[in-house]
**Student:** 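Structure incoming, see below.
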Amino acid sequence: MTSHATEVDLESLLRRALRTTGTEKRWTADADEMWCRLTHHSGIRRTQGWKLHVSATAASAPEVLVKALDVLLGEEAAFKFVRSLEQVSALNSRATPRGSSGKFITIYPPSDDDAARIALALHKATAGLAGPRILSDQPYAPHSLVHYRYGAFVGRRRLSDQGLLVWFIEDPDGNPVEDKRTGQYSPPPWAVSPFPASVPLPPQQEKAAGNPVLLGGRFSVREAIRHTNKGGVYRGTDITTGAPVVIKEARPHVEGDASGSDVRDWLRAEARTLEKLKGTGLAPEPLALFEAGGHLFLAQEEVPGVPLRTWVAERFRDAGSERYRADALAQVRRLVDLVAAAHAHGCVLRDFTPGNVMVRPDGELRLIDLELAALADDATLPTQVGTPGFSAPERLLDAPVSPTADYYSLGATVCFVLGGKVPNLLPEEPATRPAEQRFAEWLTACAATLHLPDGLPEMILGLMKDDPGERWDPARAREALRGTDPARRPVHPGTGTTRADEPHPATHAATHTAITGMVDHLVDSMTPADDRRLWPVSTLAGETDPCTVQQGAAGALAVLTRYFELTGDPRLPDLIATAGHWIAARTDTRSIRPGLHFGGRGIAWSLYDAGRAIDDRALTDHALALALAPLEPTPSHDITHGSAGSGLAAAHLWHRTGDPRLAELVADAADRLAAAAQPEPSGVSWPVPAEAVSTEAGKRYLGFAHGTSGIGFFLLTAAAVSHRPHHLELAVAAGEHLVANAVMVGRAAQWPAQATDVPTAPYWCHGSAGIGSFLIRLWQRTGDKRFGDLARGATHAVMERASRAALAQCHGLAGNGDFLLDMADATGDPAYRAMADDLARLIVSERAHRDSHVVFPNEYGDVSTSWSDGSAGILAFLLRTRHTDSRHWMVQQPG
């Protein structure tokens, strides 16, 4: 085993224990970045069963490990432990998922009897030591560090019905069952516990039907607002007054440090801050601080209203951009006054964000969640904790408490209120561009849609200076606001809503740099020797089959193929061949999953085009065999997972090959959708079948990915292949349903995710960009002006939301920009291409340079190469802004 400075402590303890017990020859040690694993030479190992976990804090981990090794090295059960104290701290952080938090040591007992015996021995050995409760498990005894749950011992995964890879175990009949790792102990019904009687749950989790929990003898818990690793936040009632309250919980040992401090100390600090601000109207009134079941609770007055983050989203949606601008400016003035007032009362906020400000029904603001706030006489709290994007850079680097950090957070929060987001500026390597320069580039790119009053961009940039000593204070910000007139729009030459000329050469240069840097990143990050993933992707939203369009190799391959066709880059033929054959080796032509983005025919689409581009007959033959393979049975109708997506890919390949078998598959898919269509008063829809997604049964989605517009688009395509009038009639009926459910806010056409909802964001997946992509083609086919007018209205929704959007295809600017380019192609109006250029400029302004590579953040702040949320989808759009080119995954006639 190798060890580094942060790993020496724990791994050296293992080596010493092996020597002391004379058991070196009985164990094989193996280590990766996170874990040190020990396997006994007996080789006894089950695939599933009752596993044990032992928790620890960063302070207690060395002693916990020594005590546990005294037990485990004399057993034959395989086990693993976290390699470093730094990783122990990360495992216990407030941001750690509740299903994995606290698991310092994991043990895999050979039998149920062994599990019970080892658990008892570990419980006795570690008694009295500190460690958090593991929420996914059952504690062995009250206050025990030892926990247990039933689950998988070896990593076995399968694709769920939603196309995501999930861990699984088997029931007694051998059927696969998902091994869910949540923040709640829930063993499968067939698993009989070999352990002593269960430990009662903490009081806030004991709620029985009809019996609300009473905490502190005074506060009746009504509902949970949220659950996080550090503890829950609950709504309730003060039974002594009848007043509504909010109760915050802090779990022992979460965010524990070497001194023994943890989030309970944060909650105590919040109580002190609320006492300091009592009667000022700046924050909730404190009511009580008390312990129950070993957890600390703080009860405070409930502030009516919604968090500022929610207010921004809902107010913009309901009011539209024109009315929202005046409302937002009023909130900016209140935010400046709020920070100034907090400072005047001796309170440095340290985590001033849109999530920590409540907007009352009268529009007034209140501070909430003051756990990181510091009073003048309190400097004992952690200083490296904050909210990325809103916390000043020095705040995350252990800088002393200073009001100037709040100035930065004020600027970021003002930016969020006015623009809808704060850009996620990933670290650069080397860091040659100052953060304030990069932020200024993004804010300038927002000018096309924000129309900020004169002076506001300067104020935001002044508050967010890199140098704390140069930042504007609230007084200077207030002075700048006095000169703003929300009714006066500044003139920004070259905005997408007014211009039809070519973008500035600097924009072209930045786009070219981003394109070449992304291609370099895709070329250099491909790992054909890796059997699991060809390109790195983010899996925070779930992990798919490694070959799919959505998140797998097929999406990146399709974009690199197109780049080669447009540029002739000599690096790419060999790379395309390697990627294509990597995918071919992992796709079975005996049967395939349905759908375009998650299914086999989407992979076939990508492989066929790749083989065609480099004249590789083996790839095109495999792609055709894959496309003609029998589909696994599916109740899904949509583009991403269902019949419409499978049929759309078959239509594309029919255009490419002319193979009549593919035309039959197109017609069959359209007929299947015709049979499943449900009449609506306004047209037709396709409810989600219970067999597809039980939790979504009956929902009638309108968007492109999962609903009416995507299915309608396929039927429009199918009609041109099958020449069957009822396919076209059904596509028109789908369009009628979309017309009936459109919501006009000013000039912007919006749609709800389903008819009973409020309008959703204007993205490809559910909103205006995807629906408009269908309607503009329906207008082209039918000439019906209503469809064209709504598509034009969808472009206004897209542009009004531009500064607020993420960057990706599925839920972001790249997918929205592709729709605008479709509009330019369909209408011949160059204004839509100018709008697309504005979105490209916004995307490019969030780039991060890493040597010759250019990367972008996804919605979770990760770097990903995937089609749906990563660089492949972004690259596809940016290429279309520079070349006359067709849109990916939309059927084109053969060229």
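Computed from a predicted structure; not experimentally measured. Atom set for the values below is all heavy atoms of this structure, side chains included, hydrogens, waters and symmetry mates excluded.
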**Student:** Can a salt bridge be assigned to the pair Asp114 and Arg117 using a cut-off of 4.0 Å between side-chain N and carboxylate O?
**Tutor:** yes

**Student:** Do the side chains of Arg83 and Glu33 get close enough for a salt bridge, i.e. N-O under 4.0 angstrom?
**Tutor:** no

**Student:** Any salt bridge between Asp406 and Arg395, counting N to O under 4.0 Å?
**Tutor:** no

**Student:** Examine the side chains of His521 and Ser871 and answer whether a donor and an acceptor come within less than 3.5 Å of each other.
**Tutor:** no

**Student:** Could you tell me whether Arg26 and Glu76 make a salt bridge, using a distance below 4.0 angstrom between a side-chain N and a carboxylate O?
**Tutor:** no

**Student:** CD/Gln48 to OH/Tyr108 distance, rounded to the nearest 0.5 angstrom?
**Tutor:** 13.5 Å

**Student:** Could you go through the side-chain contact (heavy atoms from CB on, under 4.5 Å) check for His295 and Glu291 one step at a time?
**Tutor:** CA-CA 6 Å; His295 294 205; Glu291 287 193 14; over 6 Å; no

**Student:** Aromatic ring centroids of Trp27 and His40 under 6.0 Å?
**Tutor:** yes

**Student:** Would you mind checking if Glu428 and Arg850 are paired as a salt bridge, meaning a charged N to carboxylate O distance below 4.0 Å?
**Tutor:** no

**Student:** Do Trp35 and Phe79 have their ring centres less than 6.0 Å from each other?
**Tutor:** no

**Student:** Between Phe195 and Leu52, is there a side-chain heavy-atom distance shorter than 4.5 Å?
**Tutor:** yes

**Student:** Apply side-chain contact (heavy atoms from CB on, under 4.5 Å) to residues Ser193 and Tyr148 and explain how you reach the verdict.
**Tutor:** CA-CA 9 Å; Ser193 170; Tyr148 57 84; 4.1 Å; yes

**Student:** Begin from the C-alpha positions of Phe297 and Leu215 and carry the test side-chain contact (heavy atoms from CB on, under 4.5 Å) through to its verdict.
**Tutor:** CA-CA 9 Å; Phe297 294 88; Leu215 290 175; 3.8 Å; yes

**Student:** Taking everything shown except Lys80 itself, do over 12 heavy atoms lie less than 6.0 Å from its NZ?
**Tutor:** yes

**Student:** Look only at the side chain of Trp167 and the backbone of Gly155, and say whether a donor-acceptor pair between them is shorter than 3.5 Å.
**Tutor:** no

**Student:** Which word best sums up how the rings of Tyr150 and Trp50 line up, parallel for under 30°, tilted for 30 to 60°, or perpendicular for over 60°?
**Tutor:** perpendicular

**Student:** Is the positively charged end of Arg586 above the ring of Trp582, judged by distance under 6.0 angstrom from the centroid and angle within 45° of the axis?
**Tutor:** yes

**Student:** Of Thr106, Asp32, Thr28, which is the lone residue that meets side chain to side chain donor-acceptor pair (under 3.5 Å) with Arg37?
**Tutor:** Asp32

**Student:** Inspect the contact between Arg226 and Asp369 and indicate whether a charged nitrogen and a carboxylate oxygen are less than 4.0 angstrom apart.
**Tutor:** yes

**Student:** Please say which of Arg251, Arg94, Glu255 ends up in a side chain to side chain donor-acceptor pair (under 3.5 Å) with Asn229.
**Tutor:** Arg251

**Student:** Does the pair Glu543/Arg157 count as a salt bridge with the N-to-O cut at 4.0 Å?
**Tutor:** yes

